[in-house]
2 protein chains.
Amino acid sequence: MTNKSIGIKDVAVAAGVSVTTVSHVLNDVAYARISPETREKVKATAERLGYGPNRLAQALRTQRTGMLGLVSEEIATTPHAGRIILGADEAARARGYNLMIINTSGAASDESRQADVEALLERRVDGILYATMYHREVTLPENLSSIPAVLVDSESLAGSVASVVPDEEGGARVAVQSLLDAGHRRIGFLNNTDDVPATRDRLRGFRNALDEAGLDGAAAPVESELSEVLGGYVAALRMLKRKDRPTGLFCYNDRMAMGAYRAAAEVGISIPNELSVVGFDDQELIAANLYPGLTTVALPHYEMGAWATERLIDAIEGKADLTVLAAKPTILQCPLVTRESITNPHPGLS
Amino acid sequence: MTNKSIGIKDVAVAAGVSVTTVSHVLNDVAYARISPETREKVKATAERLGYGPNRLAQALRTQRTGMLGLVSEEIATTPHAGRIILGADEAARARGYNLMIINTSGAASDESRQADVEALLERRVDGILYATMYHREVTLPENLSSIPAVLVDSESLAGSVASVVPDEEGGARVAVQSLLDAGHRRIGFLNNTDDVPATRDRLRGFRNALDEAGLDGAAAPVESELSEVLGGYVAALRMLKRKDRPTGLFCYNDRMAMGAYRAAAEVGISIPNELSVVGFDDQELIAANLYPGLTTVALPHYEMGAWATERLIDAIEGKADLTVLAAKPTILQCPLVTRESITNPHPGLS
DNA sequence: TTGAAAGCGCTAACAA
DNA sequence: TTGTTAGCGCTTTCAA
């Protein structure tokens, strides 16, 4: 157990050697030539006194803190931010780094964002992870460019910083494919109305997947509303009242799917027997708890956090060059999470 | 914008003064007697050069890092941890501190917990917040006692560390009272089966609230299952088939309430017309998105995070004594969040 | 194989 | 009113 009052000097005195020697053995310095006995003695006394290094002093001297700054949006709203943090934390500690976290609001002013980064800079973090709550384009605080940085779940408008984002289109394809594989031919899409990459890319994925299956993507039914439970309910109601009612429904996210479940129940359509549903996001609280359990596509938040951290540390340690990564965002797969909301279409309806 | 290569010395040279003077004006040292002109000149040059203090060097010298360590369990599972972090972060930055976060697992071994605290100690954080995911009793890593610490959402078995927990019994009373106020007299409770404080305290609150309303708390129907959606469903099914079927139902948490919604729908009982329901936790993803919206009791995670941080900083700054707080946990209220799941009991059933 | 000493950037006691 | 200097705990160059 670390005793804050014990320094390298105390260990040196107690072991009857110099501080240099202590430093050398405790840090396993490669070129140090120290006898095994001294080595042992030093280690033993350090242990006995409960010595723990003062990372501040080390950092001041080596110009390396071993700390990564993470500025994260809306940490408290969903578990998404938590997954990013978890991925980053695990990747960081695996390589001996720790995380300093600063929460920010998606609506924060430019000055306040700058101040957040500033605080991290003053603490001399070795690099910065900048995470947003959902995939979008951001304008970055200018002081961010002064040290290695990676964006998580967003793309820089200027295109000057490395970033990692989910494969929205691929995720949509996977979702639609799961419906196609079950035999569905009449497939509808409940889309979001916000102007974000996910809205455009998931729609593209939806259409392309249908086209490639020999269906007419452009003609497939799409209903758009706010991407919340209520929006999903309203959109689903419209969708289910169409004369060409689909047998398979792809929803922009799990919340909209939850609304679709309610709409289906009210209209008297049973899931999955009369309507198969697939969502997006894998918000476990919803997806796993709906009845029947919602098959959905997971966003790789943990993976994005871990990936960004790995690359950031690589850059810090001179093992990689972030500028080449900055050219375009790195795209991570969105895997399908299978539950019980998809089945073969009812014979008469297929 | 901070330029890492600029130090206090550079500012001193550029302004034609000594480093002492620079340090004094930039830190607004009380006893320093410096002419307004010099003061202005120093500030201007510091600004011009883009000087930002090196907090590491400051910390090494002053023995104060201005950093708080937060070890949090299961950061990625629910938004609960996020709320604690948010409360802590906002309270911390309001007083000039930042947060170092380490994620841990509820199932982590004692050694790994010690290692987490150790990492924080080596970084010389000024104090530590130790947060668990749900209210329970914990055995703490022993090295935690070497610096100021506060537990969030848990109580120390040894009873030696200050802690803050939710008022489980009070929250249950508030929930039951909301049912009583609506006119319900036959009220049931869907309880959890885990042996945690919440299970015992919410049951006590339930019984006491009924007793005080002149009803028989001991005789009131209680069904217990795992505190998940499925458990709620199963327990609710039993509850709703009783001959003395209640008109008001208090659920251990929102997930169990979600299960109760499904059970009610299957049995053909409408909420809130034939059954009023109140939950616990205010997991927004669930409570706000059920139909009808679930009236529930909120856990004060944000408040606990903020309270713990305030007290921790008070202790660090010598403004408070944590040992007096350690005597017994501080209890924070759980407020009712009203939505649409409660109404007056059906006349024939009241 | 080991040790002395400079210096990372800052604060604060002391001197002028 | 301002400046000189020691030292926070460590790493690392250089010398022995």
Side-chain angles (χ1 to χ4, degrees), chain A residues 2-43 45-46 49-67 96 121-126, chain B residues 2-43 45-46 49-67 96 121-126:
Chain A
T2 295
N3 187 331
K4 280 169 62 173
S5 56
I6 299 295
I8 200 183
K9 207 165 158 182
D10 305 289
V11 177
V13 171
V17 298
S18 74
V19 291
T20 309
T21 305
V22 176
S23 176
H24 282 173
V25 344
L26 261 25
N27 293 314
D28 278 318
V29 172
Y31 59 80
R33 332 248 67 238
I34 294 165
S35 73
E37 303 83 61
T38 315
R39 218 171 262 282
E40 229 2 272
K41 189 173 48 176
V42 169
K43 280 185 180 159
T45 35
L49 299 182
Y51 170 78
N54 182 331
R55 301 278 247 126
L56 291 177
Q58 287 184 319
L60 183 61
R61 178 61 230 236
T62 60
Q63 308 289 25
R64 274 290 169 72
T65 53
M67 296 201 319
L121 255 25
E122 289 183 357
R123 300 227 181 251
R124 298 303 189 267
V125 293
D126 294 333
Chain B
T2 294
N3 188 330
K4 281 170 63 174
S5 55
I6 299 296
I8 201 183
K9 207 164 161 184
D10 305 288
V11 177
V13 171
V17 299
S18 75
V19 290
T20 311
T21 305
V22 176
S23 176
H24 281 175
V25 345
L26 261 26
N27 293 313
D28 278 319
V29 173
Y31 58 81
R33 333 247 68 240
I34 294 164
S35 72
E37 302 84 61
T38 315
R39 217 171 263 281
E40 229 2 271
K41 190 172 48 178
V42 170
K43 280 184 180 160
T45 35
L49 299 182
Y51 170 78
N54 182 330
R55 301 277 247 126
L56 291 176
Q58 287 183 321
L60 183 60
R61 179 62 230 235
T62 60
Q63 308 287 24
R64 274 290 170 71
T65 53
M67 297 201 318
L121 256 26
E122 289 183 356
R123 298 227 181 251
R124 297 303 190 265
V125 293
D126 294 332

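Any value given below was found using the heavy atoms of this structure, including those in side chains, with hydrogens, waters and symmetry copies removed. Lettering follows sequence order; numbering is per chain, from 1.
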Interatomic distance, [X] [atom1] vs [N] [atom2] [rounded to whole Å]:
{"X": "B:L56", "N": "D:dT11", "atom1": "CG", "atom2": "P", "answer": "14 Å"}
{"X": "B:I8", "N": "C:dA12", "atom1": "CD1", "atom2": "C1'", "answer": "11 Å"}
{"X": "A:I6", "N": "D:dC8", "atom1": "CD1", "atom2": "P", "answer": "14 Å"}
{"X": "B:K9", "N": "C:dC8", "atom1": "NZ", "atom2": "C1'", "answer": "10 Å"}
{"X": "A:L60", "N": "C:dC10", "atom1": "CG", "atom2": "P", "answer": "9 Å"}
{"X": "A:Y51", "N": "D:dG9", "atom1": "OH", "atom2": "P", "answer": "10 Å"}
{"X": "A:Q58", "N": "D:dC8", "atom1": "CD", "atom2": "C1'", "answer": "14 Å"}
{"X": "B:R55", "N": "C:dT11", "atom1": "CZ", "atom2": "C1'", "answer": "14 Å"}

Sort me out a list of protein N/O and nucleotides 3-7 of chain D N/O pairs below 3.5 Å, or just none if empty.
| unit_1 | atom_1 | unit_2 | atom_2 | d |
| --- | --- | --- | --- | --- |
| D:dG3 | OP2 | B:S18 | N | 2.8 |
| D:dG3 | OP2 | B:S18 | OG | 3.3 |
| D:dG3 | OP2 | B:T21 | OG1 | 2.9 |
| D:dT4 | O4 | B:T20 | OG1 | 2.4 |
| D:dG7 | N2 | B:R61 | NH1 | 3.0 |

Distance from [X] atom [atom1] to [Y] atom [atom2], nearest 0.5 Å?
{"X": "B:H24", "Y": "B:R33", "atom1": "NE2", "atom2": "CZ", "result": "11.5 Å"}
{"X": "B:L60", "Y": "A:R61", "atom1": "CG", "atom2": "CZ", "result": "12.5 Å"}
{"X": "B:M67", "Y": "B:D126", "atom1": "CE", "atom2": "CG", "result": "8.0 Å"}

*So what is the end-to-end bend of the helix from C:dT1-D:dA16 to C:dA16-D:dT1, with 5 pairs used at each end and the value given to 10 degrees?*
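Computed angle between terminal axes is 50°.
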*Report the residues that fulfil side chain to side chain donor-acceptor pair (under 3.5 Å) with B:S23, sequence neighbours left out, ordered by chain and then residue number.*
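Checked B:S23 against side chain to side chain donor-acceptor pair (under 3.5 Å); matches are B:N27.
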*Taking only residues two or more places apart in sequence, or in another chain, which ones meet B:S18 in a side chain to side chain donor-acceptor pair (under 3.5 Å)?*
B:T21
*Criterion side chain to side chain contact (heavy atoms under 4.5 Å, CB included) against B:V11, the qualifying member of B:V25, B:V22, B:V17*: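 Single side chain to side chain contact (heavy atoms under 4.5 Å, CB included) partner of B:V11 among B:V25, B:V22, B:V17: B:V22.
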With a 3.5 Å cut-off and sequence neighbours excluded, list the donor-acceptor pairs that the side chains of residues 34-43 of chain A form with protein atoms.
| unit_1 | atom_1 | unit_2 | atom_2 | d |
| --- | --- | --- | --- | --- |
| A:S35 | OG | A:T38 | N | 3.2 |
| A:S35 | OG | A:T38 | OG1 | 2.5 |

*Is the backbone of A:T65 close enough, under 3.5 Å, to the side chain of B:R123 for a donor and an acceptor to pair up by distance?*
yes
_Stretch residues 25-42 of chain A: residues that reach within less than 4.0 Å of DNA chain D through a heavy atom_ = A:N27, A:Y31
_Side-chain N,O (A:Q63) to OP1/OP2 (D:dT11) below 4.0 Å_ = no
